[in-house]
Amino acid sequence: MLQPMGWDAFGLPAENAAMANGVPPAKWTYDNIAYMKKQLQSLGFAIDWERELATCSPRYYRWNQWLFLRMLERGLVYKKTGTVNWDPVDQTVLANEQVIDGRGWRTGALIEKREIPMYYLRITAYAEELLASLDELPGWPERVKTMQANWIGKSHGVNIGFPYELGGEKKLLRVFTTRADTLMGATFCAVAAEHPLAAHAAKSDPKLAAFVEECKRGPMMEADLAQLDKKGMPTGLFVTHPISGEKIEVWVGNYVLMAYGEGAVMGVPGHDERDFAFAKNYGLPIKPVIDVGGKPYSTDAWQPWYADYGRCVNSGKYDGLDYRAAVETIAADLKRKGLGDKQITWRLRDWGISRQRYWGTPIPIVHCPSCGDVPVPDGELPVVLPENLVPDGTGNPLAKTPSFVNCKCPKCGKAAKRETDTMDTFVDSSWYFLRFACPDQEKAPVDERVQYWMPVDQYIGGIEHAILHLLYSRFWTKVMRDLGLISVGEPFTKLLTQGMVLNEIFYRKEGGGRITYYNPADVELKHDDKGQRVGAVLRSDGKPVESDGIGTMSKSKNNGVDPQDLIEKYGADTARFFIMSTSPPEMTLLWSDAGVAGASRFLSRLWESAYEFRQTIQPNLPAKRTLARVRLPEGLAGTRREVHLNLKQATFDVLRAQFNTVTSACQKILNALRAAPKEPAAAHAEIFEEGLSVLLLLLSPISPHISHYLWRELGFGKDVLKAPWPETDARALEQDEIELVLQVNGKLRGHMRAPKSARAACARARRGDALHQWPGGEEGRRGSRAAGQCGRLTVSCTLPPRPRSSLAAASSSAARRSCLSRRFTFREARRS
RNA sequence: GCCGGGAUGGCGGAACUGGUAGACGCAGCGGACUCAAAAUCCGCCGGUGGCAACACCAUGUGGGUUCGAUUCCCUCUCCCGGCACCA
């Protein structure tokens, strides 16, 4: 078992803190690491600190650079332009989260888009494997695998070429569609603003040029892009329909993504919702070509079933074909004409890793005026990041540091410039888990020790990483496997995705569009006399702050909580117990401090009970233990049953990582022990001893310090963490009598004590009068069955819903079914 | 907008394979102890009606399947996460 800890230490938060405090990101980062390490140590986690690493250390990031160079050699790295957010006032590139409502967060300036050269990793080369091997991950939550599969987005379709002539040259406008069966309904084509055809048409049409520019200025994020009004403008260019030969106009549409498929789509307004809206807006023809079960089609308004699969109509020779046949036939026809073929397209895009920022891994490339882009030779690695710079928000400090930028070309030795972009921090987190196997290895990123530890048996991460981080890690692992560095293709066998801890977000908008966030701990809520919230003010100045709702705890929104306060006030055991008890790990958690006191009270009660046991109960312990053999008095048997019932449940819950109910089981056991009858003293002592030992073992992973101490104090053993997990005694769960729950038509109609045997229980239920008041009485109890739960038996007597003479009753399914299940059937309770 | 989740008392949550909804805890109320307070201990604690036994309503909304639905299916609403430069 190995539980390591590393610091994912590069990235924006350090730069922002540096700007705010005027200290270099390195100092801020190392101070934070020291603080958090102390905190983790005081919480008592069993972390192997010998393997500690920080991604901002050259000992780590040199291997990012080394691996980048290996990928470059294998053609997995390439350079092309990419779009970034440009703040014209600060003359700097902004991250998406630094752009708020289209404006820079520090300057309030309108953000522009810029195209700049960047390095890309060819993750799409692994798309097929990344998708297929999701099936080899039974230990991953379904929802994460679904999200990844959707993100990779494999779609089978047809690539269709629409011929056109430009300046006497024959060309093809290529589109990709998954609905080639609707090809005969294509009435226009639309291209992205970045498409070469749009650029060409814009040259001679100032209005169109303005529109193309407007589209290019628009938002960069897909989320914002998707919410734009569907707008377009004709290019004046026409292409030829590849089958019908009709002329079709090409439009520029702001809803067409250059990054997906060919950056162009065929418009089939009859069967695509977006195309329908577009055609309605601009008066383009709508031609229905699919018949869905004969339903009447109207072009007045879009109906969701218009996009359903059906049979081709109005499609000439394709009429009558279903989806599959139509796609096959059309693809074959296009192929024969050289105008298309079946094609698989992926939604997944290559991974742009260049960041125009300081606090990251330098990209090991030198730009030489004569040799071009030259990789830094392995022997010169690492390219060390200077640690004394302080960013001021205006551009990348590296680019302003001549001692970093100016260098010699590794090839020709002449003066050259170092690349000043750094790597996306996802690179750091894509393989750090491998490095834990051999953090001291200075000659390679990993060595043979990685074979022993990999893959990671249990990986825990926030659900917010469901796609990007986990996909990048899977990709990187496969790349390292193909480089011969490791032998596994998947990094994480089992995955637990934690829900996030949420907290309220408070902010003030200041002059120039700047936004300042305030920590909820510094904010006081105002209520009216009915207890309704009416506002919030900052404690320090009493002036109002705005609420931005509830969101993930993050540095950028300043709504985090420091667990140190809990530790200082209550101690690590209480803090741990409270955190574990408050909700299951997968669930999101809205932070609240209420409830910590309860955890503390529980541990105090446990402490008291333990000492009460040692002083007054333990002396009564018989020399020979008799629990297994001797019949206990009713009350104490109940106590023991409670202990073992909770042990059984807690064991199940530990295995499914539902720790909040384990804490609850601990509390139930203590409650039961404290309420147990004190006589006979010897039996009581035995039950108490057994119960306490079970309780301490269940509690030991949650609150290890108190468990360890009491375990020793009570003489159970030296080290509670080394003691085996307790076993449920099935005999402790047995009961002579059970509580019978009586149900009539699924409704609770009474309780009764009854013998354990199901047959006897049912006989008594039949004799008893609990059910006699219900219409039908003995006669009406036709279908009855028993279902058991929690050591009990549920008898449900089904009555015909209406008098049996009624015709309606005879035909009703309820009556029929109740006649079918004429006999009493029984099911023994699972737990008894 | 698209993809993935979630919604249960005043609050966090429990309910395993469809079978007693609200375990355990927090807050609240009442009581004991105390000169008093704190701490601790005992009791009550979803809503409506009823002296009570009990009945009816109730797991975001509306529908469906079932003898029986918090649990399965469909619809809608709201909230959270992701949407490729927060990580």
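No hydrogens, no waters, no symmetry mates; every other heavy atom, side chains included, goes into these values. Each chain gets a letter, A, B and so on, in the order the sequences are listed, and its residues count up from 1. Given the structure is predicted, the values throughout are model-derived calculations rather than measurements.
As rounded to the nearest Å, B:G22 and B:A84 have C1' atoms that lie 43 Å from one another. Comparing B:G47 with B:C42, their P atoms are spaced 24 Å from each other, to the whole Å. Between B:G64 and B:G9, the two C1' atoms lie 28 Å apart (nearest whole Å). On the P atoms, B:C54 is 31 Å away from B:C41, given to the nearest whole Å. Nucleotides B:G18 and B:U71 place their P atoms 11 Å apart, quoted to the nearest Å. On the P atoms, B:A32 is 46 Å away from B:A69, given to the nearest whole Å. Taking atom C1' in both B:G46 and B:C29, the straight-line distance is 16 Å, to the nearest Å. The P atoms of B:A38 and B:C72 are separated by 46 Å, rounded to the nearest whole Å.
A side-chain contact (heavy atoms from CB on, under 4.5 Å) with A:Asn96 is found for one member of A:Val84, A:Asn85, A:Asp224 and no other, namely A:Asn85.
Nucleic acid contact for A:Gln667: sugar-phosphate only, since backbone atoms but no base atoms lie under 4.0 Å from a heavy atom of the residue. Nucleic acid contact class of A:Trp151 (heavy atoms, under 4.0 Å, all strands): base. The residue A:Met423 sits apart from the nucleic acid: no heavy atom pair falls under 4.0 Å. Here A:Leu468 lies in heavy-atom contact (under 4.0 Å) with a base. The residue A:Asn671 sits close only to the backbone: its heavy atoms come under 4.0 Å of sugar-phosphate atoms, none of a base. Within 4.0 Å (heavy atoms only), A:Phe602 reaches no atom of the nucleic acid at all. Nucleic acid contact for A:Val84: base, since at least one base atom lies under 4.0 Å from a heavy atom of the residue. Using a 4.0 Å heavy-atom cutoff across all strands shown, A:Asp224 reaches no nucleic acid atom at all. Counting any heavy atom pair closer than 4.0 Å across all strands shown, A:Thr582 reaches sugar-phosphate atoms only and no base atom. No contact: A:Gln98 has no heavy atom under 4.0 Å from any strand.
Atom-to-atom, CG of A:Asn16 to P of B:C86 comes out at 11 Å; the value is rounded to the nearest Å. Nucleotide B:G81 holds its P atom 10 Å from the CG atom of A:Asn559, rounded to whole Å. Per the geometry, CZ belonging to A:Phe659 stands 22 Å off P belonging to B:C24, to the nearest Å. Note: CG (A:Asn85) to P (B:A84) measures 10 Å, nearest angstrom. B:C83 atom C1' lies 12 Å from atom CE of A:Met147, rounded to whole Å. What separates CG of A:Asn503 from C1' of B:G12 is a distance of 15 Å, to the nearest Å. For the pair A:Leu698 CG and B:C24 P, the interatomic distance rounds to 17 Å; values are reported in whole Å.
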For nucleotides 27-29 of chain B, give me every protein contact, N/O to N/O, under 3.5 Å, one pair per line with atom names.
unit_1 : atom_1 : unit_2   : atom_2 : d
B:A27  : OP2    : A:Arg601 : NH2    : 3.3

Can you check nucleotides 77-80 of chain B for protein contacts, nitrogen or oxygen pairs under 3.5 Å, and list what you find?
unit_1 : atom_1 : unit_2   : atom_2 : d
B:C80  : OP1    : A:Ile550 : O      : 3.3

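Nearer the 5' end of RNA chain B, as judged by each residue's closest nucleotide, is the contact made by A:Ser592, out of A:Ser592 and A:Arg656. With RNA chain B read from its 5' end, the first of the two nearest nucleotides for A:Ile463 and A:Arg143 is the one closest to A:Arg143.
A:Arg347 has no side-chain polar atom (N or O) that falls below the 4.0 Å cut-off from OP1 or OP2 of B:A84. Contact annotation: A:Gln658 reaches the phosphate of B:A15 (side-chain N/O to OP1 or OP2, under 4.0 Å). Phosphate contact (OP1/OP2 of B:A23, side-chain N/O of A:Asn660, threshold under 4.0 Å): absent. Contact annotation: A:Thr425 reaches the phosphate of B:A87 (side-chain N/O to OP1 or OP2, under 4.0 Å).
Looking at the side chain of A:Lys668, the nearest of the listed nucleotides B:A87, B:C24, B:G25 is B:C24. Here the nucleotide nearest the side chain of A:Arg605, chosen from B:A84, B:C41, B:C86, is B:C41. Listed candidates were B:G25, B:G4, B:C86. Nearest to the side chain of A:Asn96 is B:C86. Picking from B:C86, B:G4, B:C24 the nucleotide with the shortest atom distance to the side chain of A:Leu12 gives B:C86. Which of B:A23, B:C83, B:A14 sits closest to the side chain of A:Ala223 comes down to B:C83.
The closest donor-acceptor contact from the side chain of A:Ser703 to the backbone of A:Leu699 lies at 3.5 Å or more, if one exists at all.
Every ring-ring contact (aromatic ring centres under 6.0 Å, His included) that A:Trp607 has, sequence neighbours left out, goes to A:Tyr611, A:Tyr709. Shown here are the salt bridge (charged side-chain N to carboxylate O under 4.0 Å, His left out) partners of A:Asp424, two or more places apart in sequence or in another chain: A:Arg355. Annotation: ring-ring contact (aromatic ring centres under 6.0 Å, His included) contacts of A:Phe602 (sequence neighbours excluded): A:Phe577. For A:Glu112, the salt bridge (charged side-chain N to carboxylate O under 4.0 Å, His left out) criterion is met by no residue, not counting sequence neighbours. Checked against side chain to side chain contact (heavy atoms under 4.5 Å, CB included), A:Asp272 has the following partners two or more places apart in sequence or in another chain: A:Arg274, A:Asp275. Taking A:Tyr432 as the reference, A:Phe436 meet the ring-ring contact (aromatic ring centres under 6.0 Å, His included) condition, with sequence neighbours excluded. When the ring-ring contact (aromatic ring centres under 6.0 Å, His included) test is applied to A:Tyr260, no partner is found at least two apart in sequence or on another chain.
Two rings, from A:Phe578 and A:Tyr570, have their centers 6.0 Å or more apart.
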Show me, pair by pair, the donor-acceptor contacts under 3.5 angstrom made by side chains of residues 464-471 of chain A, not counting sequence neighbours?
unit_1   : atom_1 : unit_2   : atom_2 : d
A:His469 : ND1    : A:Ser473 : OG     : 3.4
A:His469 : NE2    : A:Tyr459 : OH     : 2.8

Quiz: residues 663-675 of chain A side-chain donor-acceptor pairs under 3.5 angstrom, not counting sequence neighbours:
unit_1   : atom_1 : unit_2   : atom_2 : d
A:Thr663 : OG1    : A:Asn660 : O      : 2.6
A:Asn671 : ND2    : A:Gln667 : O      : 3.4
A:Arg674 : NH1    : A:Ser609 : OG     : 2.8

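The OG1 atom of A:Thr55 sits 4.5 Å away from the CG atom of A:Asp8 when rounded to the nearest 0.5 Å.
The aromatic rings of A:Trp476 and A:Trp351 sit perpendicular, their planes meeting at an angle over 60°, well past the 30° parallel limit.
Side-chain atoms of A:Trp431 and A:Asn64 include a donor-acceptor pair closer than 3.5 Å.
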(request) Under 3.5 Å for both distances, Watson-Crick or G-U wobble, that's the pair rule; now give the dot-bracket for RNA chain B, with | marking pairs to another strand and [ ] for crossing ones. (result) (((((((..(((......[....))).(((((.......))))).((((....))))..(.(((..]....))).))))))))....

